[in-house]
Amino acid sequence: MIINKKNKILCFVFWLIGSALLLNAEVHAMPVYPADAPQEIIQQQDTTRTDTSRTDTLRIRQKGDTTIIVGPVRVDTSTATRDSTIGDKVGQKVTEVHELISAGTIILILVLLIVTHLINRLLISILDTLSERFFKYRLTLKRLIPVIRLVIWAIAFYIILAGIIDPPWGTVITVLASIGVAVGFAAQDILKNVFGGFMIILDRPFQVGDKIEVGDDYGEVTQIGLRSSRILTPDDSIVSLPNGELMNKAVSNANSGAFDCQVVAEIYLPAHVPIDLVKRIAYKAAVSSRYVYLNKPVSVIVLNEVHEENFIVKLRVKAYVLDIRYEFPFKSDMTELILGELNEKEILASSVHRKG
């Protein structure tokens, strides 16, 4: 009721302004005659030519017994009509806006947004549960989450525009243009992150479940949102990375959508250890681990490095883990098996005694 009263008051004010302008123009358009003006002059003035946009009148001056006719004077009445039309249009636009966005409409939009949020959370929870239950389809189900979230919100916004507000297309274009200009200056970073989120979903440089490294951060991608993406680090910490930065930085992907990924265990040994024996021990330890993925090759690389002015042997054991979640347990398992075998054969002890 308050909104309707305001509409009526605004329309009445604009109507009064337009009427006043029209009346003012008509008053100025009427000729003014002195009391002793000749009758033929008055009749001639009454028969002056007029059209829809202007009126030609005669102005008369009286000096003593002499009557001076000055004219014709052209009076433009189109300005008043144009001002009245503009006022009516403004009042009509205000009325249209108030009709589109009423109190009931706002409440309905808020309810729809809350319901959409709850549906999103419910579907994501169901997909997470199914992905943990069906191991074979775990990554596939998790990668559906960003797409489903985007589709649900897109449907919700379409219902709000087309079903609830239902504005004219001209109004939609005008409002979107105004909002675009305002938001473009005020929220450039947010728009950059949202655009980056769309590009990540479409281009897929990484997906949910991948192990990625961005700068100093490394971990498993747990969520890809419109504004940011989240990764789970080996220390069980959640790191949120803005999508805009992810689009502008180099991203290293360890598995690129596969369950398995390569794991590298590095072991430093004295320079005098028997290389061939150590390589056989390392290879045996890698292939005997319960986390190893044997469908891909296992390699052992030996490097010679200098540490604190001493030569040392750097052993790099490369193998694939059967599930990316077991990356660090697999790395620890390989290291323990290699060192245990070396100690059992007293290779490290003999090297220490030789050095002494």
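Fair warning: this is a prediction, and the values are worked out from it, not measured in the lab.
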Here the pair of heavy atoms bringing Leu322 nearest to Arg290 is CD2-O, 3.7 Å
Contact summary for Asn255 and Gly209, nearest pair of heavy atoms
ND2-O, 3.7 Å
Cationic N near anionic O, under 4.0 Å, Asp260 to Lys296:
yes
Is it true that Lys345 and Glu341 make a salt bridge, defined as a side-chain N closer than 4.0 Å to a carboxylate O?
yes
Decide if atom CZ of Phe311 counts as having more than 12 heavy atoms of other residues, nucleotides or ligands within a radius under 6.0 Å.
no
Evaluate the criterion side chain to side chain donor-acceptor pair (under 3.5 Å) for residue pair Asn243 and Asn193; output intermediate values, then yes/no.
CA-CA 5 Å; Asn243 291 328; Asn193 291 329; over 6 Å; no
Hphob cluster co-occupancy, Leu113 + Tyr158, side-chain heavy atoms under 4.5 angstrom:
no
Salt-bridge criterion met for Lys314 and Glu305 (N-O under 4.0 Å)
yes
What closest approach, in Å, do Val264 and Arg316 show between heavy atoms, and which atom pair accounts for it?
CG1-NH2, 3.4 Å
Within 6.0 Å of NZ in Lys284, more than 12 heavy atoms from elsewhere:
no
Can you get from Tyr218 to Val263 by hopping between Ile, Leu, Val, Met, Phe, Trp and Tyr side chains that sit under 4.5 Å apart?
no
Return the minimal non-hydrogen interatomic distance between Ala285 and Leu337, and the atom names on each side.
O-CD1, 3.4 Å
